[in-house]
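Structure record follows, encoded as structure tokens.
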Amino acid sequence: MSGHLRAFARSSIVHVLFAFIAMGGWALFANRHHPMPRPLVAGLVQGALSAALTLCLKSAIDALSLRFRGTSQLWMPPLLACLASTSILVAVHAATGTPEILKTIAVPLLVSGSYAVLYNYSISRGELDQ
């Protein structure tokens, strides 16, 4: 991997902006059948949560990947990070009155879970550090 591409892949800003736009857009779509401003609020809430959680996921996986060895290094960091994300998403969406909580968080959880597993795997293989 070239130096510029590696720096881009490790950039927290890139990860956070992508999460805000993609997952906020999904939440807006998932709640589109409800009257405004509910879909917009759900989109902004999910975008902000996804941005913050992506930064936290990346940081948590960076830290947790150093604490585990062997096969547990492959599954514990993403599992712990995803469980925390799920709890936060459900709690905040319930508190803000998102109408379609399950639909709203399904895609972000799938994406963040995949992201966590793939990012953790790349760290454990040392692909982003070389």
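We number each residue from 1, following the sequence as shown. Because the structure is a prediction, the values reported are computed rather than measured.
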Of all heavy-atom pairs between [X] and [Y], which one has the smallest distance, and what is that distance?
X	Y	value
Ser72	Pro77	O-CD, 3.5 Å
Leu80	Phe68	CD1-CZ, 4.1 Å
Gln73	Ser65	NE2-O, 2.8 Å

Next item on the list: Could you walk me through whether His93 and Gln46 pass the side chain to side chain donor-acceptor pair (under 3.5 Å) test, one step at a time?
Entry: CA-CA 8 Å; His93 278 295; Gln46 184 60 52; 2.6 Å; yes

Check: Should we count CZ of Phe18 as having more than 12 external heavy atoms under 6.0 Å?
Finding: no

Check: Just wondering, more than 12 heavy atoms not from Leu83 lying within 6.0 Å of its CG?
Finding: yes

Next item on the list: Look at the rings of Trp26 and Phe29 and say which category their plane angle falls in: under 30° parallel, 30 to 60° tilted, over 60° perpendicular.
Entry: tilted

Atom [atom1] of [X] and atom [atom2] of [Y]: how far apart are they, to the nearest 0.5 Å?
X	Y	atom1	atom2	answer
Ile105	Ser85	CD1	OG	10.5 Å
Leu79	Leu64	CG	CG	10.5 Å
Lys58	Leu53	NZ	CG	15.0 Å
Cys82	Tyr115	SG	OH	11.0 Å

Margin query: Please identify which of these residues, Val90, Thr86, Val92, meets the side chain to side chain contact (heavy atoms under 4.5 Å, CB included) condition with Ile88.
Written below: Val92

Item checked: Test side chain to side chain contact (heavy atoms under 4.5 Å, CB included) applied to Asp62 and Asn120, Ile123, Leu57, the passing residue -> Ile123

Notebook entry, point to check: Between Thr98 and Ile101, is a side chain to side chain contact (heavy atoms under 4.5 Å, CB included) present by the stated rule, with each step listed?
Noted result: CA-CA 6 Å; Thr98 298; Ile101 294 175; 4.1 Å; yes

Next item on the list: Applying side chain to side chain donor-acceptor pair (under 3.5 Å), run through Thr104 and Asn31 and close with a yes or a no.
Entry: CA-CA 7 Å; Thr104 300; Asn31 291 278; 2.8 Å; yes

Next item on the list: Sort and list the pairs that fulfil salt bridge (Lys or Arg N to Asp or Glu O under 4.0 Å) and have at least one residue in residues 67-88, not counting sequence neighbours.
Entry: none

Notebook entry, point to check: For the hydrophobic clusters of this structure (ILVMFWY residues joined by side-chain heavy atoms under 4.5 Å, transitively), does one cluster hold both Val45 and Leu89?
Noted result: yes

Check: What about Met23 and Leu49, same hydrophobic cluster or not, with Ile/Leu/Val/Met/Phe/Trp/Tyr joined at side-chain heavy-atom distances under 4.5 Å?
Finding: no

Notebook entry, point to check: Distance-only, no hydrogens or angles: does the Ser59 side chain make a donor-acceptor pair with backbone N or O of Cys56 under 3.5 Å?
Noted result: no

